[in-house]
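In this chain, numbering begins with 1 at the start of the sequence shown.
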Amino acid sequence: MALNRRHFIGSGIALAGLSAPMVQAQGRPRVVVVGGGAGGATAARYIAKDSNGEIDVTLIEPSRTYYTCFFSNLYIGGFRDLQSTAHDYGRLASDYGINVVHDWATGVDRDARTVALAGGGSVPYDRLILSPGIDFVAGSVAGWDLSAQGVMPHAYKAGTQATLLKAQIEAMPEGGTFVMVAPPNPYRCPPGPYERISMVAHVLKERNPTAKIIIADPKEKFSKQGLFEEGWQKHYTGMIERIGPDFGGGNTSVNPQTMEVDIDGEVIKADVVNVIPAQKAGLICEAAGLTEGNWAPVDGHSMVSRMDENIYILGDATNQGDMPKSGFSANSQAKVAAMAVRGALTGSRVFPAKYSNTCWSLIATDDGVKVGAAYEPTEEKIASVSSFVSQTGEDAAMRKATFEESIGWYEGITSDMFG
């Protein structure tokens, strides 16, 4: 059954009525949310709408227009236009009374319970929710840093980077070479690089059928590998070559000045190079002292930081267990955190946490596949309790239905995020 807006929103955790506020010293308790994506926007909206005005909610997000990372590959492949992935925060402010602050959050004073803003000043909180997404690990791809993203785009933060990569692909010379440097685990959207390869191949098959695609991959295996490889053989025969770690895919460097990629000593002259570096939690988590290694550990029962009981962390930035780093995961985690925050501040009932995720990918026109799972918290982590995945050899009707299901999901999650 295709998902739609009613089905999606109705699948959220039911919330009980509110009781008397527990924090009243300064008037309404204050929740500050940093990051306006699938985790942050959802958390802000659910806290505001379900607290019936009892909680003051501030959302800090530098961008006035939010471009979803999910479905940005479909824009690159020509299946959507850029505007269809763009959303604003107007309804969160007008319909839910959320204070939307368009600025960068640069730091957290955990003792004073304030968030510093790049524009000056700070915002106080009783509870803080961080949903900053990802940043990149410096030096993870030799020869590449953020100063090279205008030449060798990562396009793993949507908007201008996706637009740049799309333009580069469409401008490739006849018979040219596209190279992707794929990221090591863990990273945002496990099937994402391989759906992108499919979308690049779709464009080149129509515009530049003698072009070549090379993937330098440090991983032995990847999400939905059998499904993608089956699809590439069916739709893009002979166009895509993946070089895994056994053949040097993990020993890669780039030269943005010469547009060359060195894969274990073999130098490839490329026309387009998509470098997706190793990833870590958004920088504010590290600045606030909330990370261990590259990620922020959280308690799966509520998404509260394991280092600060007044801070909750969502989505791609977290180290929480079995859930992948995805928009669906962040949205699911946001509802659990919103419920926990309301309970802490107003005494409303808190139900046991449950989570879900599905990742859809498009391989070619009407050839959609998916993988997903349901999750429950343990003392150690968020653990998978059941899972599903598309099967190789499915008929065209099944694959088309899966793609249409993903369209319904997109409409549902963006409505759930932005109202």
| message | Looking at D135 and K157, is any side-chain nitrogen of the basic one under 4.0 Å from a carboxylate oxygen of the acidic one? | response | yes

| request: Check whether more than 12 heavy atoms from other residues, nucleotides or ligands sit under 6.0 Å from atom CD of Q225, and answer yes or no. | output: yes

| Lys/Arg-Asp/Glu bridge criterion (N-O < 4.0 Å) met for D416, R45 | yes

| Going by heavy atoms in the side chains, are I363 and F228 under 4.5 Å from each other? | yes

| request: Return yes when atom CZ of F388 has more than 12 non-hydrogen atoms of other residues, nucleotides or ligands closer than 6.0 Å, and no otherwise. | output: yes

| request: Test I263 against every option in V181, D217, I214 by the side chain to side chain contact (heavy atoms under 4.5 Å, CB included) rule and name the one that passes. | output: I214

| said: Quick one, Y156 and R196 - any side-chain contact, counting heavy atoms below 4.5 Å? | reply: yes

| request: Spell out, as yes or no, whether a donor-acceptor pair under 3.5 Å connects the side chain of W232 to the backbone of I240. | output: no

| message | Do N294 and Q279 make a side-chain contact, defined as non-hydrogen atoms from C-beta onward lying under 4.5 Å apart? | response | no

| task | Apply salt bridge (charged side-chain N to carboxylate O under 4.0 Å, His left out) to the pair D56 and R30, showing each step before the final yes or no. | result | CA-CA 5 Å; D56 181 89; R30 300 163 299 193; over 6 Å; no

| task | Return yes if some donor-acceptor pair links the side-chain N/O of E195 with the main-chain N/O of L362 below 3.5 Å, else return no. | result | yes

| Is there a side chain to side chain contact (heavy atoms under 4.5 Å, CB included) between Y410 and R80 once you walk through the steps? | CA-CA 12 Å; Y410 186 89; R80 296 181 77 93; 3.7 Å; yes

| field | Donor-acceptor pair, side chain of D264 and main chain of G250, under 3.5 angstrom | value | no

| query | Among K280, R188, K325, which one satisfies salt bridge (Lys or Arg N to Asp or Glu O under 4.0 Å) with D316? | reply | R188

| request: Verify, without hydrogens or angle tests, whether S131 (side chain) and G40 (backbone) share a donor-acceptor contact under 3.5 angstrom. | output: yes

| said: Working note: L130 + C285, criterion side chain to side chain contact (heavy atoms under 4.5 Å, CB included); need CA distance, chi angles, decisive distance, verdict. | reply: CA-CA 8 Å; L130 298 179; C285 292; 4.3 Å; yes

| Any donor-acceptor N/O pair, R342 side chain to S348 backbone, under 3.5 Å | no

| Partner set under salt bridge (Lys or Arg N to Asp or Glu O under 4.0 Å) for E220, not counting sequence neighbours | none

| Run the side chain to side chain contact (heavy atoms under 4.5 Å, CB included) check on F136 and V141 step by step: do they pass? | CA-CA 10 Å; F136 300 121; V141 178; over 6 Å; no

| field | E54 side chain vs L345 backbone, donor-acceptor pair below 3.5 Å | value | no

| Sole residue of W360, Y75, W409, F328 in ring-ring contact (aromatic ring centres under 6.0 Å, His included) with F70 | W409

| query | Tell me, do D109 and S122 make a side-chain contact under 4.5 Å, heavy atoms counted? | reply | no

| request: Quick one: sort the Y89 and F418 rings into parallel, tilted or perpendicular, breaks at 30° and 60°. | output: perpendicular

| query | Where the side chain of S326 meets the backbone of S329, is there a donor-acceptor pair that is under 3.5 Å apart? | reply | yes

| query | Crowded around Q168 CD? As in, over 12 foreign heavy atoms under 6.0 Å? | reply | yes

| Hey, are the side chains of Q161 and H154 touching, using non-hydrogen atoms and a 4.5 Å cut-off? | yes

| Within-4.5 Å side-chain heavy-atom neighbours: V179 and V254 | no

| query | So F222 and Y194, would you call those rings parallel, tilted or perpendicular, with 30° and 60° as cut-offs? | reply | parallel

| query | So, does H102 use its side chain to make a donor-acceptor pair with the main chain of E61 at under 3.5 Å? | reply | yes

| message | Evaluate R349 against M339 for side chain to side chain contact (heavy atoms under 4.5 Å, CB included), listing each step before the verdict. | response | CA-CA 8 Å; R349 185 176 175 185; M339 181 172 54; over 6 Å; no

| Does the distance from a Lys or Arg side-chain N to an Asp or Glu carboxylate O, for E292 and R306, drop under 4.0 Å? | no

| said: Using modelled atom types and a 3.5 Å cut-off, is there a donor and acceptor pairing between side-chain atoms of T346 and backbone atoms of G343? | reply: no

| query | Q333 side chain to G315 main-chain N or O, any donor-acceptor pair under 3.5 Å? | reply | yes

| Distance, nearest 0.5 Å, that separates CZ of F71 from OG of S84 | 9.0 Å

